[in-house]
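Just below is one structure, and these are the notes that go with it.
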2 protein chains.
Amino acid sequence: MKLPGSTEWLLHCATSLAQLEPGETASAAQLAEYYDLPAPYLAKQLQALVRSGLLSATTGPRGGFRLARAASEITLLQIVEAVDGAQSPYECREIRQQGRGALPPEECRRICVLAARMADAHRAWRKSLAGVSLADVLAELPEGAPARTRSLLTAITPQRR
Amino acid sequence: MKLPGSTEWLLHCATSLAQLEPGETASAAQLAEYYDLPAPYLAKQLQALVRSGLLSATTGPRGGFRLARAASEITLLQIVEAVDGAQSPYECREIRQQGRGALPPEECRRICVLAARMADAHRAWRKSLAGVSLADVLAELPEGAPARTRSLLTAITPQRR
DNA sequence: GATATTGCGGATCTATTTAGTCCGAGATAT
DNA sequence: ATATCTCGGACTAAATAGATCCGCAATATC
């Protein structure tokens with residue numbers, strides 16, 4: 001059970017975008033250099049957030065990414081599931097109905113007890129992440145952090161390297 | 001984020017073993033045929049539970065696996081982590097300290113806010129699974145289930161197929 | 001209106017993990 | 001004592017995720 005390594009990238013990128021002024025954007029190349037990440041791969045991952053409606057992207061010179069809605073309306077769960085999908089890590093393949101010990105269909109009308117408990121755990125995980133928005137994260141950063149992020153991020157010029 | 005398919009196998013196998021009489025055992029071959037699973041591969045996975053101290057194995061003719069302690073003292077979390085490991089699905093690689101936007105070390109004494117929230121979610125997941133024991137699972141099965149499981153499972157003779 | 005910059009999607013290649021198989025060491029009932 | 005049955009770990013193949021590259025469409029700037 002492992003989340004893609006890009007999950008960390010996108011959580012941090014989204015946090016950075018949340019610190020920009022309204023209307024301001026940051027390109028994939030800027031974000032990549034800001035965090036020292038492989039630019040092409042990061043760009044591909046950012047697209048997943050756009051497809052999920054969390055970010056909006058503008059093309060052309062001085063284009064880039066911005067949040068598609070207020071930071072308080074974007075949760076960590078939405079970002080994680082945009083990257084990794086929303087499926088539960090435990091997949092019930094109904095082995096209780098296979099083999100010599102197969103249960104009769106009438107006993108399988110209810111969900112398997114084990115699958116139910118695993119689903120409970122997944123629900124607890126999702127609830128925890130759904131309770132944290134990007135605005136909550138920003139509130140925990142030190143005083144001058146947004147200004148610092150903005151100036152460092154937007155100062156990265158294209159064509160470097 | 002995906003758990004191995006064998007997680008389901010082992011949860012069900014442990015549940016079956018919990019239904020045996022004290023001292024009774026079931027071999028990997030019996031369990032495999034009971035659930036129609038590839039026997040050698042299942043045997044390999046069962047060893048992980050032995051290494052974790054959840055099952056005890058006896059070799060020789062009429063040997064096999066049994067629970068290493070009472071069903072009420074074995075939780076779903078212990079089984080899942082024996083199969084998949086206990087590590088969190090989210091791994092913080094401290095990208096906040098890399099690249100042009102790297103934070104100064106004095107601001108990184110505390111854990112990254114995002115890593116802390118992801119750890120909270122993992123803790124909620126573990127707590128949910130740790131709250132369910134094999135005895136709890138057995139309590140939800142229909143009336144005659146243990147007797148049925150015992151008779152079907154132990155009736156499987158070696159050398160078949 | 002030409003150009004450079006940027007996001008977007010597809011095709012491709014590699015590496016890691018997972019799935020599955022095999023054979024040998026050890027223990028026990030006969 | 002022996003033959004058989006068991007676990008245990010080493011080994012091989014398939015699947016999945018990670019990562020990269022290239023061409024296309026769109027837009028602000030010159």
Side-chain angles (χ1 to χ4, degrees), chain A residues 1-10 13 17 23-33 36-66 68 83-85 87 89-91 93 95 154 156-161, chain B residues 1-10 13 17 23-33 35-52 54-66 68 83-85 87 89 91 93 154 156-161:
Chain A
M1 188 176 51
K2 209 178 57 176
L3 283 168
S6 53
T7 307
E8 182 184 5
W9 306 357
L10 292 175
C13 285
L17 291 176
E24 217 172 1
T25 66
S27 72
Q30 286 176 320
L31 288 166
E33 189 155 345
D36 190 25
L37 300 174
Y41 190 35
L42 175 62
K44 194 179 183 57
Q45 303 299 330
L46 284 166
Q47 294 171 19
L49 297 197
V50 174
R51 274 194 298 271
S52 299
L54 301 177
L55 303 184
S56 86
T58 64
T59 173
R62 291 193 52 77
F65 299 91
R66 81 193 73 185
V83 179
D84 191 56
Q87 62 198 350
Y90 180 80
E91 181 189 356
R93 298 184 197 170
I95 72 170
T154 59
I156 297 174
T157 64
Q159 285 304 78
R160 279 194 59 92
R161 168 170 9 190
Chain B
M1 189 174 53
K2 210 177 54 178
L3 284 168
S6 53
T7 307
E8 181 183 7
W9 304 358
L10 293 175
C13 285
L17 291 175
E24 214 171 5
T25 66
S27 71
Q30 287 176 320
L31 288 166
E33 188 155 346
Y35 288 116
D36 190 26
L37 300 175
Y41 188 35
L42 175 63
K44 181 187 179 67
Q45 303 299 333
L46 285 166
Q47 293 170 20
L49 296 197
V50 174
R51 275 193 300 272
S52 300
L54 301 178
L55 302 185
S56 84
T58 65
T59 171
R62 292 194 54 77
F65 300 92
R66 82 193 72 185
V83 180
D84 190 58
Q87 61 197 349
E91 180 190 357
R93 298 183 198 171
T154 59
I156 297 175
T157 64
Q159 286 302 78
R160 277 193 59 91
R161 173 186 348 210

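In this structure, A:Leu37 atom CG and D:dT20 atom P are separated by 11 Å, rounded to whole Å. As a whole-Å value, the separation of B:Glu33 CD from D:dT6 P is 12 Å. Note: CG (B:Leu31) to P (D:dT6) measures 12 Å, nearest angstrom. In this structure, B:Glu24 places its CD atom 17 Å from C1' of D:dT6, rounding to the nearest Å. One interatomic measurement links the two molecules: CG of B:Leu10 to P of C:dT18, which rounds to 14 Å at whole-angstrom precision. Between A:Gln30 atom CD and C:dT5 atom P there is a gap of 13 Å when expressed in whole angstrom units. Residue B:Leu17 contributes atom CG, which lies 11 Å from atom P of D:dC7 at whole-angstrom precision. In this entry the distance linking CD of B:Glu91 with P of D:dA17 reads 17 Å, nearest Å.
No donor-acceptor pair closer than 3.5 Å links the side chain of B:Glu8 to the backbone N or O of A:Tyr90. Looking at B:Asp84, its side chain does come within 3.5 Å of a backbone N or O of A:Met1 through a donor-acceptor pair. In terms of modelled atom types and a separation under 3.5 Å, the side chain of B:Glu33 and the main chain of B:Gln30 share no donor-acceptor contact.
The minimum heavy-atom distance between A:Phe65 and A:Ser27, with the atom names listed, is CD1-C, 4.4 Å.
The side chain of A:Ala57 sits closest to C:dC8 out of D:dT6, C:dC8, C:dT17. Picking from D:dG9, D:dC7, C:dC8 the nucleotide with the shortest atom distance to the side chain of B:Arg51 gives D:dG9.
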request  = Indicate for each nucleotide in nucleotides 19-30 of chain C, in 5' to 3' sequence, whether protein heavy atoms under 4.0 Å reach the base (B), only the sugar-phosphate (S), or nothing (-).
outcome  = BBB----BBB--
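We find the CG-OG distance between A:Leu49 and A:Ser56 to be 11.5 Å, quoted to the nearest 0.5 Å.
A:Ala28 comes within 4.0 angstrom of sugar-phosphate atoms only, judged by non-hydrogen atoms across all strands, and of no base.
With sequence neighbours excluded, the residues satisfying side chain to side chain donor-acceptor pair (under 3.5 Å) with B:Tyr35 are B:Ser16. Remark: A:Ser6 engages A:Pro4, A:Trp9, A:Gln45, A:Val83 in a side chain to side chain contact (heavy atoms under 4.5 Å, CB included) (not counting sequence neighbours).
Between B:Lys2 and B:Val50, the residue whose closest nucleotide on DNA chain D is further toward the 5' end is B:Val50.
At the phosphate of D:dG9, OP1 or OP2 sits under 4.0 Å from a side-chain N or O atom of B:Gln47.
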